[in-house]
Amino acid sequence: MVLENKVAKQQKDTSFLYGANAPFIEELYQKFLVDNTSVSPDWQVFFKENSANSISPSWKENINRIIPKDEIPKQKLFRETPYDNNNLEALRKYGHFTTNLDPLGLEKPKKLSEFDIDENIALKTAYSDSIGVEFSHIQDTLAQSWLYERFEELQSIEFSRDEKIRMLQDLVEVEGLEQYLHKKFPGEKRFSVEGGDSSIISLVHVIEQSSKFGVEEVVVGMAHRGRLNTLTKVLGKPYQALFAEFFGKSSFPEELGIAGDVKYHMGFSNDITTNFSKKIHLSLTPNPSHLEAVNPVVAGRTRAKQDLINDSSRDKVVALLFHGDAAFCGQGVVAESLMLSTLEHYNTGGVLHVVINNQVGFTANPVDGHASSRYSTDFVKIIGAPIIHVNGDDIEAVVKATILASEYRAKYKKDAVVEIICYRKYGHNEGDEPMYTQPLMYNIIKNKQTPAAIYAEKLVSQSVIAPSDYQNKTYDFKQKLDAAYESAKTFKPEVYFLDGQWRGLTKERTEFDKNLTTGIDKSNLGKILKKLCEIPENFNLNPKLKKLFDIRQQDFEKQIVDWATAEQLAFATLLEQDIPIRLTGQDVGRGTFSHRHSVLYDQVTGVKYIPLNNLGTKATYEVADSNLSEYGVLGFEFGYSFSHPKSLVIWEAQYGDFANGAQIIFDQFISTTETKWLRLTGLVVSLPHAYEGQGSEHTSARLERILQLCAEDNMQVAYPTTPASIFHLLRRQQLRQVRKPLIIMAPKSVLRNPLATSTLDEISENTIFRPLVGDNLVSKNVKRVIICSGKLYYDLLAKRTELKLNNIALIRIEELYPFPVKELEQELEKYADVELIWCQEEPENMGAWSYFYSRVCKNLKNGGRIKLISRKEAASPATGYSSLHKKEQEELLNKALRIGE
Ligand SMILES: Cc1ncc(C[n+]2csc(CCOP(=O)(O)OP(=O)(O)O)c2C)c(N)n1
């Protein structure tokens with residue numbers, strides 16, 4: 001156990017260094033680095049002394065990285081004469097306006113004189129070529145300086161003959177595939193990358209560069225454009241496999257009976273050997289049509305892969321995202337994901353972004369997408385990422401831009417962006433006519449030489465290749481594709497499913513799963529709870545929490561557990577079984593409803609103490625209060641679970657209704673990953689849901705929508721009412737072999753309801769999760785059976801007890817999908833000639849009724865007799881007035897219990 005008292009004391013002593021003072025101190029420190037006499041003597045002493053200790057305000061990050069004075073990168077900014085300084089500063093800041101970025105020449109570069117820059121400045125050529133850089137917004141001045149210096153240096157390097165020939169070969173292959181598909185499969189959608197061919201070469205070079213820095217795996221995310229070339233040229237998917245898909249064959253063996261997905265959404269992974277003879281594993285993440293939705297998923301996968309190999313320095317696994325310009329600046333999830341990348345629990349050591357800016361989005365012009373700025377990339381400035389714009393027709397410049405971005409990521413472990421300004425040879429897809437909407441642009445495009453032809457001409461003029469070489473290369477590659485085309489006719493796909501981390505896990509429930517018990521013997525539970533409640537002596541625990549922890553232990557002695565205790569015990573016992581846990585969401589450490597308290601804060605020092613991480617287990621509990629994002633964070637956790645199946649991964653919404661901000665992740669990933677891509681996830685999503693008078697929102701997690709997504713055994717939906725249920729659900733999720741997502745309608749007031757406790761017997765040895773809980777309080781003379789779920793059970797129970805009604809039985813459905821048909825049938829057999837009711841708090845058009853009525857009742861013997869009691873159909877899930885809520889709830893209970901009849 002580590003109580004970070006030393007650090008806390010240091011933080012207290014140095015609090016003036018943080019917050020608003022940090023930029024000022026940073027600036028002073030920069031001056032000090034260049035010339036230590038430029039700051040006052042007391043600051044000189046301070047900086048000298050503090051360079052060695054471990055405090056870390058933001059400016060201190062730089063100190064930690066620093067570098068004895070004589071090794072400080074030469075900062076031209078400060079070295080030259082004042083006149084040149086101004087010029088250089090302006091050149092660096094505005095140079096990107098003066099570079100030749102647009103291959104279509106629609107936008108002419110500006111002149112240096114427009115920015116009052118002397119045309120004779122030494123570094124002028126570096127800033128007037130095909131790369132425009134934006135670094136002036138970067139607050140980390142050392143990084144900024146490094147970027148300028150390295151950029152200027154790169155601009156002066158000359159690629160070797162071999163390197164040039166290889167770049168040409170790559171371009172030939174990229175355009176070769178597109179042109180081949182164009183001829184062989186006319187009109188078929190492929191989202192040609194032509195015009196942006198160099199983006200694929202950029203990807204090749206990111207991988208090369210990464211492997212040079214010791215990266216062992218790159219996780220790639222991209223949309224439709226260029227995906228087919230990426231799959232084949234970069235990831236090594238056989239050309240015949242691609243052609244077979246164009247022949248209409250499934251990418252999966254037919255016997256698997258899965259729905260599949262279009263070819264430009266498919267994922268793929270492969271080991272390739274780079275030019276540096278290093279092996280590198282590449283995984284292209286499958287993605288839906290929904291642009292940019294894959295971004296947080298890729299980040300989550302990357303983080304999981306880093307965790308799996310303890311790559312805490314984030315050197316070995318890198319995330320790479322390709323974006324279209326319109327999507328990049330239009331989709332909010334891009335900003336959510338950028339922000340996540342700066343946060344401790346979501347950081348992956350910097351994501352590399354490549355924007356394929358073909359200057360059009362479907363039919364929309366750039367001005368319709370980002371009128372406030374020239375570039376589609378402006379908002380990445382919110383995270384201080386360097387932005388490198390480059391002309392896509394200049395392949396060498398694209399490679400240099402890629403090298404710079406990759407080196408920056410490797411050195412500073414932060415995001416970097418390359419924007420390739422290019423064009424789109426055809427319409428949005430191959431069936432579209434672009435002249436309808438972009439006539440001027442397409443008149444230019446029609447007559448343009450391809451990037452490969454432009455480069456070949458350049459290499460001929462440099463005498464690097466002979467004039468016939470380009471044609472020969474094109475011919476040779478076509479021969480290769482012809483051979484692949486022939487073999488595609490008989491190609492049979494092979495599927496590598498459930499390999500690696502997934503070994504031992506399954507798509508269907510196994511015999512092992514069916515026989516699995518998830519209880520734990522009482523003495524073990526007792527020992528664990530004791531440890532969980534044991535607070536270190538010198539830790540100043542909040543007195544209210546002390547009381548709470550005492551009560552947890554006293555209850556346990558009385559053989560009772562409440563919800564929070566059951567959940568903590570489930571977590572602790574899983575950790576003991578070597579299963580790591582990752583729980584994230586807004587305020588999850590404490591819990592929105594102040595029940596969990598899994599992260600404790602010393603009331604004097606503010607230092608954290610996490611009982612679950614002090615049990616002596618190897619596996620850890622990673623708990624993160626997320627930023628205020630749903631779409632991004634849920635996407636991230638989905639991605640994490642996608643690559644780390646042996647970890648229990650939970651995302652908890654603040655209130656269930658906020659999950660609709662992440663609807664795309666539910667629809668396009670969680671519920672469909674198995675049938676579209678033959679990929680599994682065991683992600684748990686916890687959505688607080690219940691009618692408690694808190695208004696239209698804060699009430700409904702839209703259970704009806706979740707249930708509508710359920711089919712083909714794709715996920716599990718639970719609405720547990722007891723601590724025992726949550727204990728077993730969580731444990732079962734990870735201990736069994738099958739992996740299916742689990743969506744939980746989670747409690748709010750039930751967390752504190754004294755009736756909602758379980759006995760130790762219910763979670764001890766040989767016990768399991770029960771998808772249905774029958775009524776053991778009434779059994780005789782029953783006239784009415786009410787089937788319900790969730791918190792409503794306790795309302796009905798309280799009323800029934802109050803009114804001493806003993807002829808109404810209450811059956812709880814704890815798992816709605818898959819529905820426990822057999823168990824309900826058996827339970828109903830106990831009652832003859834009774835009235836059957838499905839009761840729910842939600843209005844008739846919401847909640848589980850439509851699902852139950854249309855999809856479950858037909859499988860029940862007496863399904864047709866089951867009647868609904870609910871709120872009447874409504875547009876808004878719940879009233880905003882608490883008095884009206886009470887009245888409605890009272891009416892519902894009265895109706896269900898037939899009071900007043
Ligand atoms: C979230 C979302 N909204 C709308 C679409 C429909 N759509 C598909 S591609 C596209 C244009 C994308 O333009 P851009 O990002 O510039 O990429 P490009 O196709 O030009 O490569 C649109 C609007 C989509 N796929 N996803």
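For the numbers below, each heavy atom of this structure counts, side chains included, while hydrogens, waters and symmetry mates do not. Throughout, numbering of the chain's residues begins at 1 and tracks the sequence.
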What do the steps show when you test Glu844 against Ser870 for side-chain hydrogen bond (donor to acceptor under 3.5 Å, both in side chains), and what is the final call?
-> CA-CA 6 Å; Glu844 182 174 350; Ser870 71; 5.0 Å; no

Any Lys/Arg nitrogen of Glu567 or Arg596 sitting under 4.0 Å from an Asp/Glu carboxylate oxygen of the other?
-> yes

Side chains of Glu888 and Thr879, donor plus acceptor under 3.5 Å | no

Given the rule in the side chain to side chain contact (heavy atoms under 4.5 Å, CB included) test, do Leu760 and Phe556 qualify, once you have shown the distances and angles that lead to the verdict?
-> CA-CA 8 Å; Leu760 273 190; Phe556 192 86; 3.3 Å; yes

Quick one: do Glu891 and Lys895 make a salt bridge, cutoff under 4.0 Å?
-> no

State which residue, out of Ile744, Leu730, Leu742, Thr584, fulfils the side-chain contact (heavy atoms from CB on, under 4.5 Å) condition with Ile650.
-> Leu730

Have a look at Thr518 and tell me which of His728, Arg732, Arg736 forms a side chain to side chain donor-acceptor pair (under 3.5 Å) with it.
-> His728

CZ (Phe379) with more than 12 external heavy atoms under 6.0 Å | yes

For Glu622, enumerate each residue passing the salt bridge (charged side-chain N to carboxylate O under 4.0 Å, His left out) test, keeping only those at least two apart in sequence or located in another chain.
-> Arg303, Arg582

Donor-acceptor list for residues 660-667 side chains, cut-off 3.5 Å, not counting sequence neighbours:
unit_1 : atom_1 : unit_2 : atom_2 : d
Asn660 : ND2    : Asp657 : O      : 3.2
Gln663 : NE2    : Asp667 : OD1    : 2.9

Is Arg770 atom CZ crowded by more than 12 heavy atoms from other residues, nucleotides or ligands, each under 6.0 Å away?
-> no

Using a strict cut-off of less than 4.0 Å between a Lys/Arg side-chain nitrogen and an Asp/Glu carboxylate oxygen, indicate whether Lys799 and Asp795 qualify as a salt bridge.
-> no

Take Tyr655 and Phe593 through the test ring-ring contact (aromatic ring centres under 6.0 Å, His included) and record every step on the way to the result.
-> CA-CA 10 Å; Tyr655 285 89; Phe593 309 103; 5.4 Å; yes

Output all residues satisfying salt bridge (charged side-chain N to carboxylate O under 4.0 Å, His left out) with Asp761, sequence neighbours left out; order by chain, then residue number.
-> Lys522

Between the side chains of Arg871 and Gln840, is a donor N or O closer than 3.5 angstrom to an acceptor N or O?
-> no

Hey, are Thr681 and Ser641 close enough side-chain-wise for a donor-acceptor pair under 3.5 Å?
-> yes

Sort out for me which residue in Glu815, Glu814, Arg812 forms a side chain to side chain donor-acceptor pair (under 3.5 Å) with Ser725.
-> Glu814

How about Glu630 and Gln654: does a side-chain donor come under 3.5 Å of a side-chain acceptor?
-> no

Taking every heavy atom of Ile579 against every heavy atom of Leu575, the minimum-distance pair comes out as O-CD2, 3.5 Å

Assess the pair His689 and Tyr719: is the distance between their ring centroids shorter than 6.0 Å?
-> yes

